[in-house]
Q: 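Can you keep this structure in mind? I'll have questions shortly.
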Number of protein chains: 2
Amino acid sequence: MKIQNSKNKNSIIIGPAVAVDTLIFTIRDGKLMVLLIEIGSGPYKDKWALPGGIVQLNETLDEAAKNVLKKKAGIKDIYMEQLYTFSDLKRDVRGRMISVAYFALVNSDEFNLKTMDYYSDIEWINVRKLPKMAFDHKEIINYGLDRLKSKIEYSNIVYGLLPETFTLTEMQNVYEIILGEKIDKRNFRKKILALGLLTETKKVKTGAKHRPAKLYKFKKRELVFTK
Amino acid sequence: MKIQNSKNKNSIIIGPAVAVDTLIFTIRDGKLMVLLIEIGSGPYKDKWALPGGIVQLNETLDEAAKNVLKKKAGIKDIYMEQLYTFSDLKRDVRGRMISVAYFALVNSDEFNLKTMDYYSDIEWINVRKLPKMAFDHKEIINYGLDRLKSKIEYSNIVYGLLPETFTLTEMQNVYEIILGEKIDKRNFRKKILALGLLTETKKVKTGAKHRPAKLYKFKKRELVFTK
DNA sequence: GCAAAAGTGTTGAGTGTACACCCATGC
DNA sequence: GCATGGGTGTACACTCAACACTTTTGC
């Protein structure tokens, strides 16, 4: 291993700097949205970027990503996983920067725009209609979208996008929005219920001018693979 | 974005150093092996580690990983992909070091021990019987093993472990070694041939004291998903 | 009573799994 | 001629996809 000898644990090594960028998805108004910040100055002025920050010496990547979510968007206790590490030499024109991308899911009921009014330049943006993006963040978003599409097919991560209780139709809508295609209602319900990940609550969702729908909840709100 | 302003593209930023570590699998003697280096000095003396190196300012992570393969093991033009980025604060006692792990497959026909006689301390080690490992490299290997197990089920990456031409039994053996379980011969052949990724060559493998086996080859030696 | 979404079963096609015997060769 | 691995087919279970009508509510 070609690691330079050093008695100082915080020694400076001349190499690429490391950032985390967080890709936060939610469903709003029947669309898949991603949280973006508009850049106010510098070479990327007026372009949009994922919330991110430099990784400090005393934090792991997971911690750095959590700190970004908390500081920039007031979000905590959500589903998050590492996505991929991007390292093109020219991905940031200001200098050599490696970015470890994280992928997170929130549900828009618990987390709404008011939580982050402090940031005038942070917004949910439709992932299918992205504005001009800074760095390689468009690529990161597309990579994350692929991960999301495949992972909802073989795991229960969709819980991250749903509130505590929800109807099967609401759940089906989330699948349709992400996959971009209609799903047969009877087959969807049969399959989801057969997985045994949900429990019926005693409640129903009333108020709409049609038959009330049963409300379900996940037995466990943690990642489970289903295949 | 909290990236510090700088007019010098190679400015020094005080943050974690970045290394790549490469996890190179092959099949030898009917076992799944991984390429390891025995460390000769320092706090990890006599422990084993994945081949790795510090990421330079002028190389991407993919390039850094390729350079490690070439310099440390004389390997090039093989299947390789990024695995995961590890960042525990104490993963290297000598200082803060983030490691981007890469995952590679070679077939032991084209690449044998003689290629790397220069390194007396580099060896193929049975992945199920690992020696004392340095850093968090045992964790990295287990993570890579999981990736390998799942990816051979939904892609053609097994080509990376096979020579140019091979028999279906040889291919089945690779699956059995990786998955650690017996597979039914007829079902395996039916399924693999139905994927349409292989072409029959006109040749057979003779010399054994039984009926000669047809030799097959992959139509394309590049990653294809099969599900 | 009517509009609107909730809820529910069956059938046919295709896929996956279990299982046993003959074939070609070397010695 | 016999030991060794190569090569093949069928039947059953299961999963997936297609498809239409009745129920409960709000207005």
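Below, chains carry the letters A, B, ... as their sequence lines are ordered, and counting in each starts from 1. Fair warning: this is a prediction, and the values are worked out from it, not measured in the lab.
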Q: With no angle test and no hydrogens, is the base of C:dT17 tied to the side chain of B:K190 by a donor-acceptor pair under 3.5 Å?
A: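 Result: at least one qualifying N/O pair found.
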Q: Taking the ring of B:F166 and the ring of B:Y216, is the distance between their centroids below 6.0 Å?
A: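 No, the ring of B:Y216 stays outside the 6.0 Å limit from the ring of B:F166, centre to centre.
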Q: Is there a side-chain polar atom (N or O) of A:T169 under 4.0 Å from OP1 or OP2 of C:dA5?
A: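 No.
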Q: Return the minimal non-hydrogen interatomic distance between A:R91 and A:Y44, and the atom names on each side.
A: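 Nearest pair, atom of A:R91 first, then A:Y44: O-OH, 3.7 Å.
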Q: Within the 4.0 Å limit for protein heavy atoms, which parts of nucleotides 20-26 of chain D are touched? Write it as a string from 5' to 3', B for base, S for sugar-phosphate only, - for none.
A: B--BBBS
Q: Considering all heavy atoms of both residues, which atom of A:K149 and which atom of A:L179 are nearest to each other, and what is their separation?
A: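 Scanning both residues, the minimum pair turns out to be O-CD2, 3.8 Å.
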Q: In whole angstrom, give the distance that lies between atom CG of B:L193 and atom C1' of D:dG7.
A: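 Interatomic distance, CG of B:L193 to C1' of D:dG7: 11 Å.
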Q: In whole Å, I'd like the distance from the CE atom of A:M171 to the P atom of C:dA6.
A: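 Interatomic distance, CE of A:M171 to P of C:dA6: 15 Å.
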Q: If I take atom NZ in residue A:K182 and atom C1' in nucleotide D:dA18, what distance separates them, rounded to the nearest angstrom?
A: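 About 17 Å, once rounded to whole Å.
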Q: C:dT8 base to A:K214 side chain: any donor-acceptor pair below 3.5 Å?
A: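 No pair found.
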Q: Between C:dT8 atom P and A:F188 atom CZ, what is the distance in whole Å?
A: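 Interatomic distance, CZ of A:F188 to P of C:dT8: 14 Å.
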Q: Whole-Å distance between C:dG7 P and A:I192 CD1?
A: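 Spelled out: CD1 on A:I192 to P on C:dG7 is 15 Å.
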Q: So which atom in A:L23 and which in A:I141 form the shortest heavy-atom distance, rounded to 0.1 Å?
A: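 Shortest heavy-atom separation between A:L23 and A:I141 comes out as CD1-CG1, 3.6 Å.
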Q: Could you tell me the separation between the CG atom of B:D184 and the P atom of D:dA11, rounded to a whole number of Å?
A: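 Result: 16 Å.
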Q: Take the protein atom CD of B:E200 and the nucleotide atom P of D:dG6, then report the distance between them rounded to whole Å.
A: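 The answer, rounded to whole Å, is 15 Å.
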Q: Nearest whole Å is fine: how far is C:dT15 C1' from B:K227 NZ?
A: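 B:K227 atom NZ is separated from C:dT15 atom C1' by 11 Å.
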Q: What are the two closest non-hydrogen atoms of B:K220 and B:N156, and how far apart are they?
A: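 Minimum heavy-atom contact is O-ND2, 3.9 Å.
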Q: Flag yes if more than 12 heavy atoms outside A:K138 fall under 6.0 Å of its NZ atom; otherwise flag no.
A: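 Count not over threshold, so no.
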Q: Could you tell me whether the side chains of A:T85 and B:T85 share a donor-acceptor contact shorter than 3.5 Å?
A: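 The criterion, which ignores hydrogens and geometry beyond distance, is satisfied for B:T85 and A:T85.
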